[in-house]
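First the structure, in the form of structure tokens, and then the observations on it.
In what follows, chains carry the letters A, B, and so on, assigned in the order in which the sequence lines appear, proteins first and then strands, with residues in each chain numbered from 1.
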Protein chains: 2
Amino acid sequence: MNRVFKALADPTRRSVLELLREGPMSAGDLAGHFPVSKATMSAHFAVLREASLVDTEKQGTTVIYHLQVSVLEDALLGLASAVGLGLTSKQPVKGEKS
Amino acid sequence: MNRVFKALADPTRRSVLELLREGPMSAGDLAGHFPVSKATMSAHFAVLREASLVDTEKQGTTVIYHLQVSVLEDALLGLASAVGLGLTSKQPVKGEKS
DNA sequence: TCGCTGTTTAGCTAAACATCGAAATAGGAG
DNA sequence: CTCCTATTTCGATGTTTAGCTAAACAGCGA
């Protein structure tokens, strides 16, 4: 839980999660969206992985990142309830396009 | 918004918010709940203030901290919606006792 | 095997952070 | 005015973090 909030503390990492909302994406594609080196991005990915906010799948030479929605949801709802904030999950999350 | 998530990244600060759920509390009382120095706690308070997660009221010599529920709610809902998580606020938050 | 692409590791610097004890500030009570 | 209590600020220290470049690693296709 702590790791989740630590992971969320960085704007780049939050943006990665947003990009992943649209669907799984390779590390390279993700990295292409940010003005930092690939090595730096890889470190961000590691933090997200440690927090279980994403998981990975290898497809040949590339690594595909998936958003783990439920982990984020649990963290947000957990904190919300701890501070007495009445938040509820509206609906199971499917693949939706904006 | 970034400041809010940075503030939430520390477990001590999250605990402070939880304590404040029960109602306003003085800096001294809050500090009494944690095994760190008052100076350290004061620094944590400053971070929470900068994020507008709490605000203060002076009563003579003591400083009373209040939880700013709406700021936290906005941050959590904002992120949730950014990643396509369907969270909704259940009800306006009143003063409730557990 | 060689070379290409994508990803991670290694080694580093600079900045940010958590923490402390001690000193400074601000009100209230004598 | 002086003292006491509550809180914050100051200066210092050790740890963590984001960032870089360069090197290493892992598959793929020829």
With the sugar-phosphate defined as primed atoms, P, OP1 and OP2, and the base as all remaining atoms, what B/S/- string results for nucleotides 24-30 of chain C, 5' to 3', for protein heavy atoms under 4.0 Å? ---SS--

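- As a whole-Å value, the separation of A/Asn2 CG from C/dA18 C1' is 13 Å.
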Polar atom pairs (N or O), protein with nucleotides 18-21 of chain D, under 3.5 Å:
from   : atom 1 : to      : atom 2 : distance (Å)
D/dA18 : OP1    : A/Arg13 : NH1    : 2.9
D/dA18 : OP1    : A/Arg13 : NH2    : 2.9
D/dA18 : OP2    : A/Arg13 : NH1    : 3.4
D/dG19 : OP2    : A/His44 : NE2    : 2.6
D/dC20 : OP2    : A/Ser37 : N      : 2.9
D/dC20 : OP2    : A/Ser37 : OG     : 3.1
D/dC20 : OP2    : A/Thr40 : OG1    : 2.8

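- Atom CZ of B/Arg3 and atom P of C/dA16 are 13 Å apart (whole Å).
- The side chain to side chain contact (heavy atoms under 4.5 Å, CB included) with A/Leu48 is formed by just one residue from the set A/Asp55, A/Thr56, A/Leu53; it is A/Leu53.
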For a side-chain hydrogen bond (donor to acceptor under 3.5 Å, both in side chains) check, start with the C-alpha distance between A/Thr62 and A/Ser26, then their side-chain angles and the critical distance, and finish with the verdict. CA-CA 6 Å; A/Thr62 85; A/Ser26 75; 5.6 Å; no

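- By the ring-ring contact (aromatic ring centres under 6.0 Å, His included) test, A/Phe5 pairs with no residue at all, sequence neighbours left out.
- Rounded to an integer number of Å, the gap from CD of A/Glu50 to P of D/dT16 is 13 Å.
- Between the side chains of A/Thr12 and A/Ser15, no donor N or O sits under 3.5 Å from an acceptor N or O.
- Summarising the geometry, the separation between CG on B/Leu8 and P on C/dC17 is reported as 14 Å, rounded to the nearest angstrom.
- With rounding to the nearest 0.5 Å, the separation of CG in A/Asp74 from OG in A/Ser89 is 9.5 Å.
- Checked against B/Ile64 for a side chain to side chain contact (heavy atoms under 4.5 Å, CB included), the options B/Lys58, B/Met25, B/Gln59 give a single hit: B/Gln59.
- The salt bridge (Lys or Arg N to Asp or Glu O under 4.0 Å) check on B/Glu57 picks up nothing, with sequence neighbours excluded.
- Per the geometry, CG belonging to B/Leu30 stands 9 Å off P belonging to D/dT7, to the nearest Å.
- Side-chain atoms of A/Leu76 and A/Val4, non-hydrogen and from C-beta on, never get closer than 4.5 Å to each other.
- Residue A/Arg49 places at least one side-chain N or O under 4.0 Å from the OP1 or OP2 atom of C/dT8.
- One interatomic measurement links the two molecules: CZ of A/Phe45 to P of C/dT7, which rounds to 8 Å at whole-angstrom precision.
- Considering only side-chain N and O atoms, A/Tyr65 lies nowhere under 4.0 angstrom from the phosphate OP1 or OP2 of C/dG6.
- Across its full length, the helix from C/dT1-D/dA30 to C/dG30-D/dC1 shows an angle of 20° between the axes of its 5 terminal pairs at either end, rounded to 10 degrees.
- A 4.5 Å side-chain heavy-atom check between A/Phe45 and A/Val54 finds every atom pair outside the cut-off.
- Nucleic acid contact class of A/Phe34 (heavy atoms, under 4.0 Å, all strands): none.
- The salt bridge (Lys or Arg N to Asp or Glu O under 4.0 Å) search around B/Arg49 returns none, not counting sequence neighbours.
- When all heavy atoms of A/Val16 and A/Met41 are compared, the closest pair comes out as CG2-CE, 3.9 Å.
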